[in-house]
Amino acid sequence: MGSIVIILFLAYFFYNALSKNLIGYSQQFLSKQVEIASNESQRKFNNLFEDLSFFTKNLESYDDLESDNKKQVLEGRIRRLLSSYGTLVDTLFIAKQGSTKGYLVKGNNYFEEIEVSTTKEFAGRDRYLIIKSHDRIFKVVVSLNVGAFLADFASNHYLGEGGFKFYFQEDKARVISPDLSEGEVISFYPGLKREIDNEIKGGLKGVYDGELIWNTSGAKRINAIIAQYPFNLHPLRSNYAFVFARDREVVVARIFNTYMLLLVGLFILLLFIIYFMIKHFRSINSNNYKLQKKSGEINRLFDQQTLLLQGTKGFVYFHDANGKITNVSDNLIDVLGYEKEEFLNNQNRNYLIPEEFTKLRSEVDKAIENKDEYLEFELNNIKKDGSVIRVKCFERLFYDDEGNFTNSVGISTDIHEKYLAEQELIKSENRLRAVLNSLPDIIFIYNNEGIFTDYYVQSMELLFVPPEEAMGKYLGDVMPYPLNEKLVAAFNRVLETGRVQTEEMDINLKSGRKFFQARFFKLDDKRVISVARDITEQKLWENGLKEAKEMAEGANRAKSEFLASMSHEIRTPMNGLLGMIGLLEGTKLNEEQEQYVKVIKDSGESLLVIIKDILDYSKIEEGRLELDLVDFNIVEEIYKVTNIFSGLMSAKALKFGLHIDDDLPRWMTLDKEKLKQILFNILGNAIKFTPAGGEINLSVKGESVMDKNYMISFLIKDSGIGIPKDKIEKLIHPFTQVGHGNAGEKNGSGLGLAIANKLIELMGGSLDIESEPGNGSEFSFSVFGRVAIPKAGDTFSSIEDAKNEGVINKISERYPLSILLVEDNEINLKFMVLLMKQLGYEVDTASNGEEAIAAVEKRDYDLIFMDYQMPFMNGLQASKAIKALKKGKNVRIIGLSANVFKEDIEKALMSGMDDYLTKPIKIQELVNKIKTSFEIIS
Ligand code: ADP
């Protein structure tokens, strides 16, 4: 709008200046023309006057005008005069006394002389010019036509279109041009007329802006530029002036027309310019708006990215066309440890591994060549502190219009932990693969929907369809009916229960009828695995020998039952026998007799141990022994077992080393008691068969087999007497001994390893024995376990804790008690004494009930540990008797028994025992009993 106003203003201004200029020029032109016309007419008139005066003078010298000669001369002169001033003069008169003659030239140059009446008056204003002769005898007169003369003069001056010419005689204005028709009048506006009259009268020239009134049909006012120049026609008396005028409108009209066109043109141009400007501004505006929005978005994205990067440990970087990094975001320091400046100035790219850099360079070049917009790669970065981390980079590449690479922006993220985890996963997957590949079984892996995802098959003969065809298909669709239903049901049970499901299959294959045993179990949260084994041979054997086997089983069971009851039966008379031997020992014997008695006693005692082992073994053989899985801290339990033996080992000055692998998960699920029994037997042997001063080492480690399943391996190494090669294999059979012939063997039954071996097999492992006589033995075995969730109240979360907690140390300081141990078995007694010593107690001992009663009478005891089975007076009887004593009333008696039958417990409590402990004595339970006893007593 502003520019329109300015343009209009300028146009007006320009137009104004131009018109003013033009009018000024017109005024000048008019006044010049009018001046010239006036001066010329004045001069012409002067010439006439002079010529006439000269003519008159000449005429004076003529004596006789009538002579022919003279007449001719005169005529010639008059003719010349008349034709020189044709329009001004029409007739020349020569008036004398008595005659007046007139001369005139008519058309066709016809000269005429006429006689004029002497009375003719030459009057009338400016009608005649009269020159009298010097002697006044005659006068020469010319009749004038001033109007025609002036009109003639004026016609020489062209004023252009719209021009008006007037002459003034006195105050009479006469129109010279245009030619007016009948009734037309042009007059000056009265005020203007007066002004012009005054100035003419004063002999002043003038220029005016005024109005002419043209009376045609109705008055028309004409705005005009007017110029006036006054003059005199000497000797005429009137004042004359020429007045030239021009219609102002006509003067201006032309420029107006031209100018208008120009203006309209300019205006249209302006409109175009404005239109394009608006369009341009609009597009700029909308571009700006878009740009603003975009930049807002970019900012938001950048913020989000920065946030994300903060979370994921990453930084943004910018590359120029030469691949030089031009900028990086501040969080670089969190990722690579470099300051921004330091990183940008790092010309040598110390943060890259040279070989990797060369490889990367060629990859980038390839991407640029292909005009790829995105580039993704992983590489190792060297941090400022020298450590190497894995990063993942994502780059956006930019190109100009010609397709030349201009720059790129990238995000580099630290994925080190994920990378390590992935590597670990790959390793363990490879391990799993290796294990699975080495198995002779037919192995399939499924997802949780029952779709085949992988397989490990050694022999294709045993399959319905080639394994690769089953991939991606549903278990229920691949297997034939009705087998598929059975297998799908087993598969579903795995998902529901998480437990191993075993199915036997009887299948007709091309190669004949086959029996399979398939085990389904969870591989991890997402996969299920099936392991199928060809058991055809076993099955045939089973079928063929079923009867025999059943018989054998029956016989075996009968044998076990027989052994169990026999051993039980033998124990009673054995106790009697040993009791009697004890009595015999007490009588007066000579040296020889004493020796015999000792031999009988030792034999009796070892017989008792044998009977106990036989009982255990028969139980395993007879009853279907089952695993009792519990979650427990395995490290803690291993320490407890070794602690129990610490007394025996220190008594023999054995060096004991224990190493538990740090990778072994502390909390596991497996049968704790059976594991402990295995360790007890093998460690016990190692101690038994290693001479004093020797060395025993126990090392434990765990290996993840599948996901949370662990194989826990134990290795017990001693520097003992060793075992001959040919005996090793036999040791796992009951009642086998090498024949070292030492005391250890004599005390044993040859059942410990057989029992341990059975338990190990039950727990999914096997026992391996390596030994050489004189060079010690290595007993190694492994058992299966699963990682368990640690339970609250886990007091020993580390080996150190277990050591430092003082499970068994300084118990006596915390719970000071006076204790009596009553036990008839010497070894047991010794063991118990040592155990108590470890707990910090100095205990008194008694080997039978009577000794116990005697001890109680002598001293005040807080606590008595009393064996059930003892010669002469058993634990129950002794307890009853002690409780009957004055000093024994408040003493707490805890029974020790291998039996945990309900009747036994009831019997014990009835007889006055306060509590009981089952053998073998577990140190923690012992400590617990001491603790509760202390709390009850005090
Ligand atoms: P026992 O009750 O007789 O110890 P075992 O089954 O535990 O029965 O052991 C069988 C025999 O194996 C032992 O009597 C002994 O001869 C031999 N034996 C077991 N462990 C070792 C060992 N660590 N060093 C040498 N011999 C051993």
Side-chain angles (χ1 to χ4, degrees), residues 1-30 159-163 209-212 220-225 245-306 316 318-322 326-327 329 367-368 370-374 395-411:
M1 278 315 285
S3 56
I4 291 179
V5 170
I6 286 172
I7 291 258
L8 285 177
F9 176 75
L10 279 177
Y12 172 76
F13 186 76
F14 182 55
Y15 166 74
N16 225 17
L18 206 70
S19 66
K20 250 192 200 141
N21 202 291
L22 213 71
I23 285 166
Y25 170 75
S26 273
Q27 283 173 340
Q28 263 181 17
F29 173 75
L30 281 182
L159 300 184
E161 200 191 333
D209 270 333
E211 277 183 335
L212 298 175
K220 187 174 127 191
R221 286 188 166 196
I222 298 166
N223 241 320
I225 307 157
R246 266 197 99 186
D247 186 342
R248 209 187 164 96
E249 263 176 36
V250 177
V251 173
V252 176
R254 201 142 4 82
I255 40 155
F256 188 75
N257 281 346
T258 338
Y259 192 70
M260 199 56 196
L261 273 176
L262 196 76
L263 194 76
V264 168
L266 270 176
F267 200 74
I268 290 169
L269 195 73
L270 182 78
L271 284 182
F272 267 114
I273 289 170
I274 287 171
Y275 170 74
F276 284 120
M277 266 165 73
I278 287 173
K279 222 176 138 182
H280 181 65
F281 281 134
R282 265 197 164 166
S283 91
I284 284 180
N285 250 2
S286 85
N287 281 348
N288 273 351
Y289 176 70
K290 277 183 204 158
L291 219 68
Q292 244 174 19
K293 228 170 99 176
K294 266 252 162 67
S295 83
E297 266 169 33
I298 287 169
N299 278 344
R300 209 171 51 245
L301 269 176
F302 195 81
D303 288 349
Q304 281 171 356
Q305 266 174 13
T306 315
V316 181
F318 299 85
H319 266 143
D320 65 10
N322 305 320
T326 53
N327 201 1
S329 60
I368 290 175
N370 293 341
K371 305 271 173 289
D372 289 345
E373 291 199 339
Y374 297 98
E395 244 180 86
R396 169 87 158 85
L397 310 175
F398 297 95
Y399 303 88
D400 63 12
D401 292 343
E402 272 100 61
N404 301 315
F405 171 68
T406 54
N407 62 312
S408 70
V409 51
I411 296 172

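Atom set for the values below is all heavy atoms of this structure, side chains included, hydrogens, waters and symmetry mates excluded. We're numbering straight along the sequence, starting at 1.
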Requested in this report: Report the residue from Ile222, Asn223, Leu22 that forms a side-chain contact (heavy atoms from CB on, under 4.5 Å) with Arg248.
Outcome: Asn223
**Report entry** Exercise: identify the closest heavy-atom pair between Ile368 and Tyr399
**Finding:** CA-OH, 3.6 Å
Query raised in the report: Does any N or O in the side chain of Asp320 come within less than 3.5 Å of the main-chain N or O of Asn322, such that one atom is a donor and the other an acceptor?
Result: yes
Query raised in the report: Can you tell me how far the CZ atom of Phe9 sits from the CG atom of Asn16, to the nearest 0.5 Å?
Result: 9.5 Å
Requested in this report: Report the C-alpha distance between Tyr374 and Arg396 in whole Å, list the side-chain angles of each, state the deciding distance to 0.1 Å, and finish with yes or no for side chain to side chain contact (heavy atoms under 4.5 Å, CB included).
Outcome: CA-CA 5 Å; Tyr374 297 98; Arg396 169 87 158 85; 3.2 Å; yes
Requested in this report: Please report the closest heavy-atom contact between Val250 and Gly162, naming both atoms and the distance.
Outcome: CG2-CA, 4.2 Å
Report task. Report yes if the side chains of Tyr15 and Val252 come closer than 4.5 Å at any heavy-atom pair, otherwise no. Result -> yes
Requested in this report: Give, for atom CG of Asp247 and atom CG of Leu159, the distance between the pair rounded to the nearest 0.5 Å.
Outcome: 12.5 Å
Query raised in the report: Any chance NZ of Lys371 has more than 12 other-residue heavy atoms, nucleotides or ligands included, within less than 6.0 Å?
Result: yes
Report summary line: Rounded to the nearest 0.5 Å, the CG atom of Leu266 sits from the CG atom of Leu261 at a distance of 11.0 Å
Query raised in the report: Any idea which heavy atoms bring Ser408 and Leu397 closest together, and the distance?
Result: CB-CD2, 3.6 Å
Query raised in the report: What distance separates Gln27 CD from Arg246 CZ, expressed to the nearest 0.5 Å?
Result: 12.0 Å
Query raised in the report: At their closest point, which heavy atom of Phe405 faces which heavy atom of Phe398, and how far apart are they?
Result: CD1-O, 3.4 Å
Query raised in the report: How long is the gap from CD on Gln28 to CD1 on Ile225, to the nearest 0.5 Å?
Result: 11.5 Å
Requested in this report: Hey, could you give me the CG/CG distance between Leu291 and Asn285, rounded to the nearest 0.5 Å?
Outcome: 12.0 Å
